[in-house]
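Report on the following structure.
All figures in this text were calculated on a predicted structure; none of them were measured in a lab. Lettering of chains follows the sequences in order, A, B, ..., and the numbering in each one begins at 1.
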Amino acid sequence: MGELLFSQWYVQNLIQFLKSSQIYTDLQHAAQHEVSKPSIRLSELKKGVQNGLNSSGWDRKLKNAIYTYLQTHSRLSPNAAPSDHLKEPLLYLRKAQQAWEKRILKSLNSMCTELNIPLARKRPEKEQKDLLTRWTELSVDGPDLSQIRPVYAPKDFLEVIMSLQNPNYNNGETPGFYNMWGIIQVPLKVKDVNKLRLLFSEMSINQCQTGIDDHSDIPTELFDNDRMKLGRKVIAANHGPLSQEYAKKGCPFSLRAEIWTQIMGINTDDLDVMYYEQLKFNVSQHDLLVDSLLYKDVKLTATNDDQYFVFEDYLYQILLPFSRDTVVLEHFAQNSASPPKSYIRGKLGVEEFSVIYPPNGVIPFHGFAMYVVPLCFLYQDPIKLYYVFREMYVRYFFRLHSISSHPQGIVGLSLLFETLLQTHEAELFFYLKSVGCQPLKIAFKWLVRAFSGYLSADQVLLLWDRILASNSLEVLSVLAVAIFTFRKTNLMKVQSYNAAEAVLADLTTLEVIPLIQLSLFSK
Amino acid sequence: MSERPINCTIKQPVLLTITDTKSEFHSGCRVLDISLSNVVNPERKEENVDQVGEIQFKNYYVAYLTVKAKFKSGPDTKEGENKWRTCVKRMRLMPNAHAETGSQDYFCVSRKHMAFELVNISALRLILQQPSPVWKDFKIEELRFFKCSETSKPCLLPSWLTEVTNNSGKKKIEAEDGNNFHVAPKEDDGILGISNLELLSATLQQLWALSEEVAANQTNVVLGRYEVDNCYDINLLSYT
């Protein structure tokens with residue numbers, strides 16, 4: 001334990017967390033088991049028990065639990081700052097997020113009033129049973145969606161992001177003097193290319209990568225065999241940091257599922273299975289408007305996609321329980337967004353009857369299902385799939401649709417994209433700007449969806465490998481810049497926004513890893 | 001912390017300019033005076049308001065903060081010795097003056113930032129600097145002074161966490177400010193929070209204590225309830 005790395009406050013919270021989690025009782029049981037062994041000597045009881053725990057793999061489990069905690073909890077201690085300040089330190093961004101949320105709520109409310117449907121209602125008993133019996137084929141007989149429309153799309157969100165202005169920013173007399181050239185006008189500090197090179201140093205061109213060197217026309221003796229061997233060893237070790245290190249160079253497809261669960265510390269035990277069943281039951285209890293929104297979204301996106309349409313039923317089994325999962329609410333402590341509130345019918349304004357709607361506090365938007373679909377290739381078991389998706393969401397994806405100054409929030413990523421493009425493709429950036437096509441207007445939807453649905457599925461997974469490995473979303477911006485660079489020749493000929501969009505409409509043929517390497521390391 | 005802030009008079013910040021008031025000139029420097037000596041507090045006479053241990057404030061686009069202090073003149077101070085002394089020199093509040101980071105954060109200047117202890121002082125002067133011209137305004141808000149540093153008692157950490165087993169023996173890790181972590185005094189105290197096995201079985205009394213402890217360590221696992229009285233019928237969302 002380094003003395004400067006962790007504050008006392010942090011270590012105490014960690015211990016408190018461990019004590020109240022299951023591993024504490026498990027360890028106690030295991031220790032008791034060790035004590036009862038005949039080989040233990042009373043004189044060296046402590047040592048004996050410790051050795052016993054080590055050899056039976058418990059130290060690994062404990063290390064993994066601590067590692068997961070370190071990954072998901074900020075090391076900064078809250079010094080007197082109020083809680084909304086912890087969510088987002090900048091007042092004007094906090095206000096912008098609140099205004100945006102209010103807009104979403106209004107839009108939802110007006111949909112309810114127009115269609116004369118409640119936000120939530122209890123299902124009749126027959127309907128409940130019916131839903132549970134056809135749980136694995138929910139796509140067959142969905143609700144009527146003709147009147148339902150997505151609450152918002154990335155395009156609407158971009159408009160909000162574009163209008164963000166720091167009221168204390170000097171852009172008075174000489175317009176454009178201090179203004180930035182892109183459409184993001186929030187003066188955040190973003191990483192420059194050297195810092196990114198360090199962050200993704202494992203991806204440099206002289207290192208073999210899964211995603212390039214395991215290509216089918218390269219003999220497997222050169223790279224693939226060793227990589228697989230190493231991968232199996234890593235999995236056998238069952239140690240989070242090790243798996244994360246391995247993922248820095250990408251995971252072979254057959255090992256990815258296991259590596260990812262190890263990185264995120266997900267081991268679906270009986271309790272998790274039970275919890276999922278409870279969520280499923282909750283879905284059957286109440287009919288929510290959010291369900292229709294999710295249905296509509298799946299129909300509009302995944303069902304229309306030739307790679308993903310087969311997973312339609314899977315998606316409902318993930319998304320519907322997700323909307324009922326109150327564990328998701330915990331992530332709002334570090335999210336600039338806040339969950340929407342409502343009151344039970346007839347009890348308006350009575351505090352005891354206030355509830356969160358939907359139960360997980362997340363209102364889906366157009367393309368939400370795309371966060372799940374690539375994972376369907378990895379996990380056959382919907383329960384495992386569910387927990388992996390939930391962890392991915394509360395660690396990373398929520399940042400892609402809330403306004404914050406966090407370096408990995410969508411504002412930061414957009415600014416990183418614009419800054420990188422300006423610095424390294426100045427000519428292209430200036431040309432596109434002069435024909436009225438701000439590059440971010442095209443790239444924004446890629447970023448919001450973490451490229452899911454734009455690239456081919458295997459490429460999305462290779463990209464997400466790097467998100468998990470570096471614990472950072474910044475690779476998304478790097479890739480977006482790389483794509484612009486790659487299509488530069490064509491983009492330099494376009495005369496309008498539509499033409500530029502057409503050049504970048506189809507990305508399914510791209511290989512992401514070589515592109516990222518080129519844009520990061522070739523200059 | 002429950003301690004009350006020190007009563008003092010905080011004057012309006014003064015922007016440093018060149019004497020010509022008509023031409024706009026961005027000096028990027030502001031001075032804020034605080035006087036501590038002339039506080040009249042008849043009810044609590046014995047209280048000395050001339051000691052400052054901690055300064056708390058919320059930043060608003062100040063890049064650097066300098067704190068100067070003026071000492072009270074005692075009987076043995078010579079004329080002219082009563083000068084301003086710099087206590088904190090250019091403490092960096094914003095890592096990058098042009099960018100947002102740190103611009104609206106809460107800060108706490110405590111003893112470890114200060115060059116000397118602020119005892120027996122009559123006035124403080126805060127110098128706020130913002131070299132970047134991109135910000136319209138810069139100031140500090142919610143400025144408060146506290147008498148003693150917020151070194152609340154070091155919280156107890158289990159001894160096994162603070163001990164590093166070296167070949168030579170056991171060594172304590174020192175905390176950041178140089179205080180030692182509280183290490184359990186006796187060797188055989190075992191692991192704090194995890195009860196000693198022998199003692200446990202010895203008396204029922206302690207078994208009871210253990211059960212109490214378990215009760216106190218309730219898991220944080222939520223039950224996942226979202227409805228109220230088994231009812232989740234909702235018509236519209238509320239805006240507040």
Measuring only between side-chain heavy atoms, which start at C-beta, is [X] closer than 4.5 Å to [Y]?
{"X": "V355(A)", "Y": "V228(B)", "result": "yes"}
{"X": "N235(B)", "Y": "C112(A)", "result": "no"}
{"X": "Y60(B)", "Y": "N168(A)", "result": "yes"}
{"X": "L236(B)", "Y": "S342(A)", "result": "no"}

Test side-chain contact (heavy atoms from CB on, under 4.5 Å) applied to D105(B) and H85(A), step by step
CA-CA 8 Å; D105(B) 281 357; H85(A) 187 269; 3.7 Å; yes
Test of understanding: with salt bridge (Lys or Arg N to Asp or Glu O under 4.0 Å), list the residues that count as partners of E101(A), not counting sequence neighbours.
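Testing E101(A) for salt bridge (Lys or Arg N to Asp or Glu O under 4.0 Å), a comparison that skips the adjacent residues, returns none.
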Taking salt bridge (Lys or Arg N to Asp or Glu O under 4.0 Å) as the definition, give me every residue that meets it alongside R103(A), ordered by chain and number, with sequence neighbours left out.
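By the salt bridge (Lys or Arg N to Asp or Glu O under 4.0 Å) rule, R103(A) matches no residue at all.
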Look up atom [atom1] in [X] and atom [atom2] in [Y], then write down how far apart they are to the nearest 0.5 Å.
{"X": "K58(B)", "Y": "L91(A)", "atom1": "NZ", "atom2": "CG", "answer": "6.5 Å"}
{"X": "Q104(B)", "Y": "R94(A)", "atom1": "CD", "atom2": "CZ", "answer": "7.5 Å"}
{"X": "D233(B)", "Y": "R345(A)", "atom1": "CG", "atom2": "CZ", "answer": "4.5 Å"}

Contact origin within [X] toward chain B - heavy atom pairs under 4.5 Å:
{"X": "I356(A)", "result": "backbone"}
{"X": "P407(A)", "result": "neither"}
{"X": "L288(A)", "result": "side chain"}
{"X": "S354(A)", "result": "backbone"}
{"X": "K106(A)", "result": "both"}

Distance-only donor-acceptor check, side chains [X] and [Y], under 3.5 Å:
{"X": "N109(A)", "Y": "Y239(B)", "value": "yes"}
{"X": "N166(A)", "Y": "Y61(B)", "value": "yes"}
{"X": "Y92(A)", "Y": "E100(B)", "value": "yes"}

Can you name the nearest heavy-atom pair linking P187(A) to H98(B), along with the distance?
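For P187(A) versus H98(B), the nearest heavy atoms are CB-O, 3.8 Å.
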Parallel under 30°, tilted from 30 to 60°, perpendicular over 60°: which one fits the rings of Y357(A) and Y232(B)?
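Judged by the thresholds at 30° and 60°, the geometry between Y357(A) and Y232(B) is parallel.
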Does the side-chain contact (heavy atoms from CB on, under 4.5 Å) test come out yes or no for L119(A) and L237(B), once each step is laid out?
CA-CA 8 Å; L119(A) 282 172; L237(B) 291 168; 3.5 Å; yes
Please classify the contact between N96(B) and chain A as side chain, backbone, both or neither, with a heavy-atom cut-off of under 4.5 Å.
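Side chain only.
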